[in-house]
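Okay, so here's the structure we're looking at.
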Amino acid sequence: MRKNRRIGSRFLIGLVFLFLYAPIALLIIFSFNEGDSGAVWKGFSLHWYASMLRNRLIIESVYMTLLVSLLATVIATFAGTFAAIGLYSLPRRRRDALLTVNNIPMMNADIVTGVSLCLFFVAFFQFWGGFARWFNDVQTAVRLPERLTLGLGTLLLAHIAFNIPYVILNVAPKLRQMDRNLMDAAQDLGCTWMQGFWKVMLPEIKPGIISGALIAFTMSIDDFVISYFTAGSSTSTLAMTIYGMTKRRVTPEINAVSTLLFLTVLILLVIVNIGEIQQERRKRNASPQDVPLGEKLRRFFATRAGRYTQWGLTAAGAVAFVLTVLFLTRETQSIPVVNVCSWGEYIDTDLIDQFEAETGIRVNYQTAESNETMYSLLKSGGADYDVIVPSDYMIAQLIEEGMLSELNYDNIPNFQLIDPRFRNLSYDPENKYTVPYTWSTLGVIYNPTMIDEPVTSWGALYDERNAGKVLLINNSRDAIGEALMYLGYSVNTTDESEIRAAYQVLDDASRRGVFQGKVMDEVFQTMEGGNAAIASYYAGDYLSMLENNEDLLYVIPDEGANWFVDAMCVLKDAPHMEEAEAWINFIASTEASLANMDYIGYASPNMEALEQYPAYYEELYGEPMDPELYEIMVTPPEVLERCEMYENTPSDIRALYNRLWIQLGI
């Protein structure tokens, strides 16, 4: 009986570890995949590790993540330790009350903490702007900066703020375990408080300090939500970069980065454990005359020469830190910058390097998950972008709310290369605010080997014969718009009864078990791996999926489809207007448009690029491009005539969409 119980316990433990580490093992395996899919194995390759090292966005986000995490950990550990010591000196009732308050940030939802910190910083910046203008008016000796923005400073402060409670939580129990009379006894014997701290208190609470620092570092390096609301436009952590990539997919470079981070942590844990084992052995085997190195150092620093050495090292470190900050501040302030926000995997990153080399302007490039996410961030004041790349209907909303600047097209001569078909569209009828970036269609992607007949209608998404095989796009405007087209209504209808009828189509299909689930970037792996038969998604992304599953087909249904334009615009009061227009002009050039078309699979509005791309493709790959694939990328005019562009709907209709989408669930 005992033996069977032992076998059962081991089996259960094995299942738990399998559940924990199987996803990590899969991630590591696919980091060596020759293809770019997370579901289809195409052979062993180190290609993605080399690509990761060349991907500036990823490398910079890793650097920023490690920098902020290390600095926040050091500062929070120092502040949290002395805060815990201060709490320890208080009467018990007051100490317990303050420890309860300390626990609130740890129990609080991250989204609440992130938004509240963002609002605090924005409010402070507004106050500071008014104060700085008054101060600069009343005197001329010192000029204060009138504009403060979210960035590295606010990101670091936010991480320190949410890390300190974790340090206090770990140090406080060790202080409670320590005899309260030890410090008094040490001071009675002639120690100063600081000497007593180093010789008596620190050895007692060191395990708590170390565990608090490790938790702080882990929380900081893993954080997304609080970073998202406090990082601003010039900084981005790895978690933010990965999240932004979900507009298309998490690229294999991220698998490579994650593998290296996992292996680094694993190696550090092994080293720490080996060190502890060896230390225990030395303690057991040591003779009474042996003095540990740590004790020798403590004795040295207790002498006068040691104290002078300690003060000298501290002063040298402080001076070096101040000089480094001043140098970096001067260097970064002397370099012109442009802050750009677009979608993940939506630019050939070589173009960023090329632009910087040609103009000397540094590009801070960040990504957003969706138009709605970008809009929320802009409205909260948590972003300070210059250039954004929203979709057509969102552009109309931003213009309506006065959030965009008019462009000086004299500074954007490449605008003349934009096909007239993509000028003066409904979202910007007078073409004052935008330069088109890409355009494409929303259609149906399906696997003919998994269904009985070809897809020709949006009705295939709601057909009970396809139950459990259909992926519903996780976007209320697209999902309800598809049902509207199926019913023969306009995607821009403001008739509530028509919108509710479209919702009913989705709800009925959901109740009958037609939908496998809602997806966005998950559609790549699911369709490529043959785990679903039908999904609605964008033409440019279909071309990417086709590389990993040649069975997939793309169709514009008979009822028509949505065609869309993503365009570059500049936010109102952008701090770098000249640099923003230089960036837009560069991206609108024929050379940049050709590189982007090939990299992201979306059509460019540049007339020369549209004409030259087949020859560009043949020269690049040594074979002609399939005409059918070119027509999927560059939708023919006769097909576009059956398609409709989204327009900005009234606020009450947008609210109705949101209510119905929440009600749909799935």
Side-chain angles (χ1 to χ4, degrees), residues 33-38 45 47-48 50-61 241-242 244-256 340-358 363 365-368 387 389 391 414 417 435-441 521 524 528 537-548 554 564-568 583-584 586-606 608-623 625-626 629-630 632-635:
N33 187 13
E34 187 174 359
D36 63 354
S37 173
S45 174
H47 165 70
W48 298 113
S51 178
M52 172 200 70
L53 296 174
R54 295 193 303 268
N55 190 318
R56 200 189 80 172
L57 296 179
I58 293 176
I59 295 300
E60 287 188 351
S61 65
T241 300
I242 294 173
M245 287 178 173
T246 57
K247 179 65 168 66
R248 290 192 72 198
R249 69 162 87 215
V250 175
T251 63
E253 290 101 324
I254 293 299
N255 291 345
V340 181
C341 183
S342 185
W343 316 122
E345 284 294 285
Y346 210 43
I347 188 173
D348 183 346
T349 53
D350 289 342
L351 292 175
I352 298 176
D353 297 331
Q354 184 180 335
F355 174 78
E356 290 181 337
E358 290 182 7
V363 180
Y365 190 92
Q366 285 192 4
T367 57
V387 181
V389 191
S391 299
N414 286 328
L417 300 175
V435 174
Y437 179 64
T438 59
W439 62 281
S440 190
T441 56
D521 64 306
F524 288 93
E528 290 170 359
Y537 220 62
Y538 312 109
D541 294 317
Y542 161 74
L543 296 175
S544 177
M545 296 182 211
L546 187 64
E547 296 177 4
N548 296 303
Y554 180 84
F564 61 89
V565 174
D566 288 348
M568 297 176 283
W583 169 259
I584 292 174
F586 173 81
I587 294 298
S589 68
T590 301
E591 295 76 14
S593 297
L594 285 168
N596 260 342
M597 282 184 70
D598 186 69
Y599 186 84
I600 66 178
Y602 283 78
S604 168
N606 182 300
E608 293 180 353
L610 290 174
E611 181 182 346
Q612 296 174 18
Y613 183 71
Y616 177 88
Y617 180 95
E618 185 170 357
E619 181 181 351
L620 192 63
Y621 296 102
E623 61 181 13
M625 185 176 187
D626 186 333
L629 296 183
Y630 182 71
I632 291 174
M633 176 189 283
V634 184
T635 311

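The structure presented is a predicted model; accordingly, all values stated were derived computationally and were not measured. FYI, the numbering just counts along the sequence from 1.
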Rounded to the nearest 0.5 Å, the CG atom of Asp541 sits from the CG atom of Leu546 at a distance of 12.5 Å
Would you mind reporting whether [Y] and [X] have side-chain heavy atoms less than 4.5 Å apart?
X      : Y      : answer
Ser51  : Trp48  : yes
Thr438 : Ile600 : yes
Thr367 : Tyr346 : no

Worked verdict on Asp598 versus Leu620 for side-chain contact (heavy atoms from CB on, under 4.5 Å): CA-CA 10 Å; Asp598 186 69; Leu620 192 63; 3.4 Å; yes
What closest approach, in Å, do [X] and [Y] show between heavy atoms, and which atom pair accounts for it?
X      : Y      : result
Tyr365 : Ser342 : OH-CB, 3.1 Å
Tyr538 : Tyr554 : C-CE1, 4.3 Å
Ser593 : Ala588 : OG-O, 3.8 Å
Ala603 : Met633 : CB-O, 3.3 Å
Tyr542 : Ile632 : CE2-CD1, 3.6 Å
Ser440 : Ala539 : OG-CB, 3.4 Å

Run the side-chain contact (heavy atoms from CB on, under 4.5 Å) check on Ile587 and Val387 step by step: do they pass? CA-CA 12 Å; Ile587 294 298; Val387 181; over 6 Å; no
Can you check side-chain contact (heavy atoms from CB on, under 4.5 Å) on Met625 and Tyr613, steps first, answer last? CA-CA 9 Å; Met625 185 176 187; Tyr613 183 71; 3.4 Å; yes
With a 3.5 Å distance limit and no angle check, can you tell me whether Trp439 reaches the backbone of Ser604 through a side-chain donor-acceptor pair? yes
side-chain contact (heavy atoms from CB on, under 4.5 Å), that's the test. Do Met597 and Asn606 meet it? Break it down for me. CA-CA 10 Å; Met597 282 184 70; Asn606 182 300; over 6 Å; no
Can you list the residues that meet the ring pair (Phe, Tyr, Trp, His ring centres under 6.0 Å) rule with Tyr630, with sequence neighbours excluded? none
All N/O donor-acceptor pairs, side-chain side in residues 348-356, below 3.5 Å, sequence neighbours left out:
{"from": "Asp348", "atom 1": "OD1", "to": "Asp350", "atom 2": "N", "distance (Å)": "3.1"}
{"from": "Gln354", "atom 1": "NE2", "to": "Glu358", "atom 2": "OE2", "distance (Å)": "3.2"}
{"from": "Glu356", "atom 1": "OE1", "to": "Arg56", "atom 2": "NH1", "distance (Å)": "2.5"}
{"from": "Glu356", "atom 1": "OE2", "to": "Arg56", "atom 2": "NH1", "distance (Å)": "2.6"}
{"from": "Glu356", "atom 1": "OE2", "to": "Arg56", "atom 2": "NH2", "distance (Å)": "3.3"}
{"from": "Glu356", "atom 1": "OE2", "to": "Val363", "atom 2": "N", "distance (Å)": "2.8"}

With sequence neighbours left out, the residues meeting side-chain contact (heavy atoms from CB on, under 4.5 Å) with Asp626 are Glu628, Leu629
Would you check, one step at a time, whether the test ring-ring contact (aromatic ring centres under 6.0 Å, His included) holds for Tyr437 with Tyr602? CA-CA 10 Å; Tyr437 179 64; Tyr602 283 78; 9.2 Å; no
Using a 6.0 Å cut-off, check whether atom CD of Glu618 has over 12 heavy atoms from anything other than its own residue. yes
